[in-house]
Colleague: 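I have a structure here, written as structure tokens, and I will follow up with some questions on it.
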Amino acid sequence: MLDPKILRENPDKIRKMLNDRNVDFPLDELIKLDKSRRDLIIKTDELRKKRNEISIEIAKRKKANQDTTSLIEQMQETSQILTDLEIEQTQTESNYTKLALTIPNLVDESVPIGKDDTVNREIKKWGKIPQFDFKVKDHINISQSLDLVDLERAAKVSGARFYYLKNDLVKLNQALIQYALDFLSDKNYTPVQTPYLINHSSMEGAIIAQDFEDVIYKIEGDDLYLIGTSEHAVASMHSDEILEGKILPLRYAGLSSCFRKEAGAHGRDQKGIFRVHQFEKVEQFIFSRPEESRKEHEQMLSNVEEFYQKLEMPYRIMILSSGDLGKISAKTYDLEAWMAGQNSYREIVSCSNCLDFQARRLKIRFRDRTNDQPQYLHTLNSTLVATTRTIVALMENFQTKDGHISIPKVLQKYLNKTII
RNA sequence: GCGGGGGUCGCCUAGCCUGGUAGGGCGUGGGAUUGCUAAUCCCAUGUCCGUAAGGACCCGUGGGUUCGAAUCCCACUCCCCGCGCCA
């Protein structure tokens with residue numbers, strides 16, 4: 001949700017954003033709805049004022065045993081007009097909110113403008129791309145020969161894009177989670193394992209409606225949705241709250257399984273565990289003062305870099321262009337890890353600043369002193385590790401000549417071995 | 001799942017029976033005063049509209065009855081206690 005003040009005072013800023021994002025949106029209709037919504041508030045407020053005045057007068061007269069017939073007649077009349085107006089107001093309000101909830105976030109000035117991912121800008125490369133003196137295998141190959149993944153039976157039991165992890169890959173999955181939690185705990189993040197099912201209003205606060213269809217599973221018969229990431233559950237954790245300014249920034253290390261429909265991804269990354277419906281993720285989530293969110297964003301990214309450097313993982317950092325940017329994000333960095341089996345960089349981390357966009361939808365505010373006007377805070381989120389994708393990169397980059405996987409130093413103590 | 005009790009403006013609580021401007025305490029912020037970090041007193045402390053003056057809304061949520069609902073009625077929801085089931 002955008003600040004309605006921008007809508008009123010600077011609609012061109014929004015028009016530019018829609019253009020930059022290459023999004024169709026009936027902005028004029030939203031402006032009109034905002035206007036009529038406010039007009040109706042003024043009208044109904046006036047009527048309620050009148051009603052309150054008469055009501056007080058009736059109470060007074062009743063106490064004094066005076067006649068109230070004409071006043072009650074007036075009340076009846078006023079109430080009738082008010083009821084009609086209220087119906088109109090509720091309708092307008094709901095139309096406004098419905099539409100306002102679908103508008104995407106503003107785009108940060110530092111974001112490259114362009115229609116799709118071809119315009120994403122690389123800003124950094126780290127690490128040496130591994131060279132092999134043998135025929136490189138992809139992760140599917142490796143996991144099959146080491147009996148680490150069973151895709152066929154998963155397909156039988158659950159369908160495409162599901163998997164059974166087996167043997168040491170189960171432990172590697174856990175090792176990544178544990179390493180990530182330790183890593184963030186050391187940086188004073190509060191670990192939080194979230195509910196995996198959340199209700200509609202929480203989900204709608206965290207994402208935009210279209211995404212419900214594309215990525216979110218719904219539980220039949222209940223007002224519950226499977227989270228696509230712990231971000232959804234952590235963001236809504238403080239909904240409808242006014243936080244004390246002094247506790248900011250709030251930094252959470254969210255842990256959860258993640259569930260995604262991956263609608264529209266048919267044909268892409270069809271095989272293996274790169275693109276799946278379920279995986280585990282440790283996520284950085286920050287509630288920040290507005291003036292500090294850009295700094296926090298950079299800090300999150302540098303945490304991510306440190307994490308993957310310690311994992312000895314070659315990567316590059318991209319800034320997503322306006323056309324590729326998620327609707328709720330104002331600016332997103334992706335970390336793309338080198339994947340030897342595919343001979344290319346692939347996305348494994350997404351690091352976003354949502355500014356006050358989610359906070360407005362979820363009504364999360366803060367203030368420094370009791371009598372201050374509460375203001376919306378900023379929310380930021382970034383993958384630290386999404387297990388399956390990082391496992392793919394580890395398998396492919398750390399493969400050995402004899403078909404095994406060597407384990408990066410930082411993970412060895414969690415796995416209790418140096419090779420799989 | 002069944003039975004019982006509950007949800008009041010950050011926290012605690014009054015008001016509900018008997019409908020008529022939601023009151024108090026604590027905490028917090030600001031101020032006054034006192035030669036101490038204490039005490040006392042005053043003001044403020046939910047949301048929305050409005051530049052403001054001001055006004056409207058707010059008693060878990062949504063309906064209903066009524067001129068008027070925190071209060072009466074219905075449904076839902078969450079919490080607590082007991083029973084049942086259960087990793």
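Letters A, B, ... are given to chains in the order of the sequence lines, protein chains preceding strands, and every chain is numbered from 1.
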Colleague: Look only at the side chain of A:H404 and the backbone of A:L146, and say whether a donor-acceptor pair between them is shorter than 3.5 Å.
Modeller: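 No.
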Colleague: How many whole angstroms separate atom CD1 of A:I56 from atom P of B:rG19?
Modeller: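 So the CD1-P distance, A:I56 to B:rG19, works out to 19 Å.
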Colleague: So if I define the base as every atom that isn't primed, P, OP1 or OP2, how would nucleotides 66-74 of chain B read as a B/S/- string at a heavy-atom cutoff under 4.0 Å?
Modeller: -BS------
Colleague: Identify, between A:I54 and A:T90, the residue whose nearest nucleotide on RNA chain B lies closer to the 5' end.
Modeller: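 The 5'-side residue here is A:I54.
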Colleague: How close or far is atom C1' of B:rC57 from atom CD of A:E93, stated in whole angstroms?
Modeller: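 Going from CD in A:E93 over to C1' in B:rC57 covers 12 Å.
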Colleague: Once side chain to side chain contact (heavy atoms under 4.5 Å, CB included) is applied, do any residues pair with A:N95, and if so which ones, sequence neighbours excluded?
Modeller: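 By the side chain to side chain contact (heavy atoms under 4.5 Å, CB included) rule, A:N95 matches A:L33, A:Q91.
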Colleague: Do the side chain of A:H277 and the main chain of A:F259 share a donor and acceptor less than 3.5 angstrom apart?
Modeller: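 Checked: no pair found.
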Colleague: So what does the secondary structure string of RNA chain B come out as, 5' to 3', with Watson-Crick or wobble pairs under 3.5 angstrom, [ ] for crossing and | for pairs with another strand?
Modeller: ((((((((.[[[[.)....(..]]]]((((((.......))))))((((....))))..[[[[[..)....]]]]])))))))....
Colleague: Should A:D116 and A:V119 count as side-chain neighbours, where that means a heavy-atom distance under 4.5 Å?
Modeller: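 When only atoms from C-beta onward are counted, A:V119 and A:D116 do touch, with a gap below 4.5 Å.
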Colleague: Closer than 3.5 angstrom, by distance alone: can the side chain of A:S143 be matched with the main-chain N or O of A:H139 as a donor-acceptor pair?
Modeller: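 The answer is yes, because a donor-acceptor pair under 3.5 Å joins these two groups.
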Colleague: Mind listing the N/O atom pairs, protein and nucleotides 46-55 of chain B, below 3.5 Å?
Modeller:
unit_1: B:rG50; atom_1: OP1; unit_2: A:R38; atom_2: NH1; d: 2.1
unit_1: B:rG55; atom_1: N2; unit_2: A:D45; atom_2: OD2; d: 3.3

Colleague: What integer distance in Å separates A:E241:CD from B:rC11:P?
Modeller: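 Answer to the nearest Å: 10 Å.
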Colleague: Expressed as a whole number of Å, how far does the C1' atom of B:rG10 sit from that of B:rC59?
Modeller: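 My reading of the C1' atoms in B:rG10 and B:rC59 gives 16 Å.
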Colleague: Assess whether a salt bridge exists between A:D28 and A:K32, defined as any Lys/Arg side-chain N lying under 4.0 Å from an Asp/Glu carboxylate O.
Modeller: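 Salt bridge between A:D28 and A:K32, a charged N being under 4.0 Å from a carboxylate O: no.
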Colleague: Quick one: does A:I14's side chain get under 4.5 Å of A:M17's, heavy atoms only?
Modeller: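 SC-SC contact between A:I14 and A:M17 confirmed.
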Colleague: If the condition is side chain to side chain contact (heavy atoms under 4.5 Å, CB included), which residues does A:D324 pass it with, not counting sequence neighbours?
Modeller: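 Applying side chain to side chain contact (heavy atoms under 4.5 Å, CB included) to A:D324 gives A:D117, A:N120, A:L320, A:S321.
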Colleague: Could you check whether A:E86 pairs with A:R48 (Lys NZ or Arg NE/NH1/NH2 to Asp/Glu carboxylate O, under 4.0 Å)?
Modeller: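 Salt bridge flag = yes for A:R48 with A:E86.
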Colleague: Taking RNA chain B as the partner, which of residues 191-208 of chain A come within under 4.0 angstrom of it by heavy atom?
Modeller: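 RNA chain B contact set from residues 191-208 of chain A: none.
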Colleague: Nearest whole Å is fine: how far is B:rU28 C1' from A:E244 CD?
Modeller: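 Atom-to-atom, A:E244 to B:rU28, this comes out as 8 Å.
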Colleague: For the residue pair A:F307 and A:Y179, is the inter-centroid distance of their aromatic rings smaller than 6.0 Å?
Modeller: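 Centroid distance A:F307-A:Y179: below 6.0 Å, so yes.
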